[in-house]
Every structure is written in structure tokens, then in C-alpha cells.
S.K.: 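Dropping the structure in here first, questions after.
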Amino acid sequence: MAQVYGRVALIGLGLIASSLFWAIKRGGLAGEVTGYARSDETRATAREIGLCDRVCDTAAEAVAGADLVVLCVPVGVMGAVAAEIAPHLAPGATVTDVGSVKADVIAQVGPHLPKGVHFIPGHPLAGTEHSGPRSGFAELFDNRWCLLVPVEGTDVEAIARLRALWEGAGAHVEEMDAEHHDLVLAVTSHAPHLIAYTMVGVADDLRRVTDSEVIKYSAAGFRDFTRIAASDPTMWRDVFLTNKDATLEILGRFTEELFALQRAIRTGDGDHLHAYFTRTRAIRRGIIEAGQDTDAPNFGRGGPKP
Ligand code: NAP
């Protein structure tokens, strides 16, 4: 695959940055990749495992001379990081991010960037419940979507180049406006995470079911909630604080549906329950047909049956 950028700088060296680094190496997409993370510990780990061609001790050093800067930090600190790197950006460079929320990140980052620097917010729709510099792998973005959210008037060449990088990393790329992105993600990711966190929290509170029973019999659905509920607390705190309106709107709808299902159970309305579950099953089939999950029994997990 052809090189897309001469030098790429990754700011933040967690799951997404490390996966992007390995995908860039796999595809030969950049001449050099520099990296910076806030803690000595993460920078030392990155050096130890060969994450980045050059790990820098300051963000300023990492972005100097970079054609592309990718902000891979939690959504809540994007603005502070942008302010820190802004004076050191090369003219004509592109700044992008991978944050899970877009309107808030645009409001935080945009005002700090100097004229002549292209700002193209982005969001790869790929992740795991793991975090940190050791958690990344080159295949994370394969066959996943990456949404680009260019602000009005952005240079088309700069967008095409960033698109080529993500395609080289294995993703399918689409453009979307920020408000729509935030609503779509509230439905597909943010509200489901909050519900999973709640379900696991409720099980923890229910003292009539012992902890060992919850763990022992978890294959009955609970286990899949616990995987999502193990996601990084800082990242998810920031997602809910910055995608407030869309998440609250979806949770309002969710609560109404939950009440309707509660009523159907109480009144013995089996037709309602059956019709509802038939509709939701079709959505699952659509996800599998779109190649976004496996239909292997037990989510493709190996091992003995419980
Ligand atoms: P992560 O594994 O927790 O890594 C976060 C990185 O950001 C770490 O290297 C951390 O440095 C650094 N960082 C944290 N606070 C900082 C600060 N104040 N200043 C400078 N650096 C700071 O996170 P991730 O999962 O890669 O997520 C990164 C971004 O991708 C987030 O915006 C998230 O919304 C988005 N995203 C995540 C997923 C997912 O499933 N995880 C999917 C798509 C998009 P230290 O290690 O030194 O603390």
C-alpha cells in the first residue's frame, strides 16, 4: 500500500492510537510515526513495545513537522491538548481526532487551531473494552466504519488524504455532520453503554442473588452486559458529559419503551411482547448481513458450553 503521509503524530497512546499505529505500519501508510502520552509510565511502555517510531516527552515535540496529528485522548481533554499543540503545528498540517462525540470536540478544538491548518474531526467505530498502550492491534479497524465530520469549507484534498489513511487502515469511510453523528452514536453506542452499566450495577446491588451466583450463571445474558460495562470509566464519563442532549433524548425513548414492556408483562399481553421481540430479532439479522458481527452461536466464543 502507498504511503499517505510523511509524518503522523499520535497524541495519547491508548487503544485507538496503538491500533492505528499498528495499522499504519501494516499498510506502510506513513514515513514516520511520532507519539506522545501524558504519563511517564505510558511513554516507557510505548518505548518498550516499539509503539511509535519515536516517542516524545512533550506533545509539542511530537507534532513538530507532522503532516497529520491525530488526537487520541479522552473527549473531555481535547480542547486542552489542542491549545497545547497549536503553536507548534506545521503550516498545511491536518489535525484530526478519534473522539466518540463530535459537536463538543469541534467546539473545544476548533478555536485553538491556527489558519492554514486543516481540521477534520473523525471517529472510527471500532473498539474493545480494553484500554492503554498494550491493548491495540492492527486489525481493529478492518471492515469497520470510520466517520469523518469535516467542518464547512474544509480543503477537499486534505479530506481525501485522511480518507485514504483510514481506508489503508482497513476501514470504510463515510462523511456525516456532527449533530447527526452524535444522535446516531447515542442510539448505537452511548445509550447501550449506559444501560449495560446500569444492569451490571443493579446485579451488584441485588443482595438476594449472591455475587458467586451472578458470576457462575452469567452466560444467561448478563455476561455480555459485563463486557460493555468494563469499558474505560474516564472515556465514558466524558462521552455522557459531552453528548448530553442526544443521549438524554434516546434514554427518554428507552424509558417509555421499557414502561410499555413492563405493562405488557404485568397485563399478560403476550402478543405485544412477541411482536416486539420479532422486530428486534430482524435488526440483529440486519447487523449480521451487513458484516458487522458474527452469527456464530454464543457470539463465536469457543470453549465448552456452559
Ligand atoms: P485509552 O486507551 O484510555 O487511552 C487514552 C490516552 O489518552 C492515554 O494514552 C492517556 O495517557 C491519554 N490522556 C488521557 N488524559 C490525558 C490528558 N489530560 N492529556 C494528555 N493525554 C491524556 O483511550 P482510547 O480507548 O484509545 O480512547 C481514546 C479516544 O478514542 C477517546 O476520545 C474515545 O472517546 C475514542 N474512542 C474510543 C473507542 C473505544 O472503544 N475505546 C472507540 C472509538 C473512539 P496516559 O496513558 O499517560 O494516561
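We count ligands from 1, going down the list as the structure has it; atoms in each ligand are counted the same way. Because the structure is predicted, anything quoted here is derived from the model rather than measured.
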S.K.: More than 12 foreign heavy atoms under 6.0 Å from CD of Gln262: is that the case here?
M.R.: yes
S.K.: With a heavy-atom distance limit of 4.0 Å, tell me whether Met235 approaches ligand 1 through its side chain, its backbone, both, or neither.
M.R.: side chain
S.K.: How does Leu15 reach ligand 1, by side chain, by backbone, by both or by neither, if only non-hydrogen atoms under 4.0 Å count?
M.R.: both
S.K.: Hey, is CD on Glu41 packed in by over 12 heavy atoms from elsewhere, all under 6.0 Å?
M.R.: no
S.K.: As an exercise, identify every atom of ligand 1 less than 4.0 angstrom from a heavy atom of Thr128.
M.R.: 40 (O)
S.K.: Measure His123 to ligand 1 on non-hydrogen atoms and call it side chain, backbone, both or neither using the 4.0 Å cut-off.
M.R.: side chain
S.K.: What protein heavy atom sits nearest atom 35 (C) of ligand 1, and how far off is it?
M.R.: Val98 O, 3.2 Å
S.K.: Specify the closest pair of heavy atoms between Asp238 and Val77, including all atoms of both residues, with the distance to one decimal.
M.R.: OD2-N, 4.4 Å
S.K.: At less than 4.0 angstrom from any non-hydrogen atom of Val75, what atoms of ligand 1 do you find?
M.R.: 32 (O), 34 (O)
S.K.: Taking 4.0 Å as the limit for heavy-atom contacts, which would you say applies to Asp97 with ligand 1: side chain only, backbone only, both, or neither?
M.R.: neither
S.K.: Please report which non-hydrogen protein atom sits nearest to atom 32 (O) of ligand 1, along with the residue it belongs to and the distance in Å to one decimal place.
M.R.: Val73 O, 2.7 Å
S.K.: Which ligand 1 atoms, with their elements, are less than 4.0 angstrom from a heavy-atom of Gly99?
M.R.: 32 (O)
S.K.: Judged on heavy-atom distance to atom 15 (N) of ligand 1, which of Glu41, His193, Met78, Arg38 sits nearest?
M.R.: Arg38
S.K.: Which distance, rounded to the nearest 0.5 Å, do you find between the SG of Cys146 and the CG of Leu162?
M.R.: 7.0 Å
S.K.: In terms of side-chain geometry, is the basic nitrogen of Lys25 or Asp53 positioned less than 4.0 Å from the acidic oxygen of its partner?
M.R.: yes
S.K.: Once you restrict to heavy atoms under 4.0 Å, what part of Val77 touches ligand 1? Side chain, backbone, both or neither.
M.R.: side chain
S.K.: Any salt bridge between Asp269 and Arg263, counting N to O under 4.0 Å?
M.R.: no
S.K.: Under 4.0 Å from a heavy atom of Pro124: which atoms of ligand 1 are those, numbered in the order shown and with their elements?
M.R.: 43 (C)
S.K.: Report the relative orientation of the aromatic rings in His172 and Trp145; use parallel for angles under 30°, tilted for 30 to 60°, perpendicular for over 60°.
M.R.: tilted
S.K.: Has Arg279 got its NZ or CZ under 6.0 Å from the middle of the six-membered ring of Tyr276, at an angle within 45 degrees of the ring axis?
M.R.: yes
S.K.: Considering only non-hydrogen protein atoms, determine which one is nearest to atom 42 (C) of ligand 1 and report residue, atom name and distance to 0.1 Å.
M.R.: Ala126 O, 3.1 Å
S.K.: With rounding to the nearest 0.5 angstrom, report the CZ to CG distance, Phe21 to Leu29.
M.R.: 11.5 Å
S.K.: How far is atom 26 (O) of ligand 1 from its nearest protein heavy atom, and which residue and atom name does that atom have?
M.R.: Ile16 N, 2.9 Å
S.K.: Between Ala80 and ligand 1, which residue portion shows a heavy-atom distance shorter than 4.0 Å: side chain, backbone, both, or neither?
M.R.: neither
S.K.: At what distance is the nearest protein heavy atom to atom 6 (C) of ligand 1, and which residue and atom is it?
M.R.: Cys72 O, 3.7 Å
S.K.: What distance separates Arg163 CZ from Leu148 CG, expressed to the nearest 0.5 Å?
M.R.: 6.5 Å
S.K.: Which bit of Ser100 is near ligand 1, meaning a heavy atom under 4.0 Å away: side chain, backbone, both or neither?
M.R.: both
S.K.: Got more than 12 heavy atoms from elsewhere within 6.0 Å of CZ, Arg47?
M.R.: yes
S.K.: Counting heavy atoms only, which of Ser131, Gly136, Pro74, Ser19 is nearest atom 7 (O) of ligand 1?
M.R.: Pro74
S.K.: On a heavy-atom basis, I'd like to know which of Ser189, Cys146, Gly14, Gly76 is closest to atom 1 (P) of ligand 1.
M.R.: Gly14
S.K.: Heavy atoms only: which of Ala46, Gly132, Ser231 is nearest to atom 2 (O) of ligand 1?
M.R.: Gly132
S.K.: Roughly how far, to the nearest 0.5 Å, is CD1 of Ile250 from CG of Asp182?
M.R.: 11.5 Å
S.K.: Working to the nearest 0.5 angstrom, can you tell me the gap between His272 NE2 and Phe277 CZ?
M.R.: 8.0 Å
S.K.: Return the residue, atom name and 0.1 Å-rounded distance of the protein heavy atom closest to atom 40 (O) of ligand 1.
M.R.: Gly127 CA, 3.3 Å
S.K.: Return the closest protein heavy atom for atom 46 (O) of ligand 1 as residue, atom name and distance.
M.R.: Thr42 OG1, 2.6 Å
S.K.: Mind checking the CD-CZ spacing from Glu84 to Arg38? Nearest 0.5 Å is all I need.
M.R.: 11.5 Å
S.K.: Distance to 0.1 Å, residue and atom name: give those for the protein heavy atom nearest to atom 8 (C) of ligand 1.
M.R.: Leu13 N, 3.9 Å
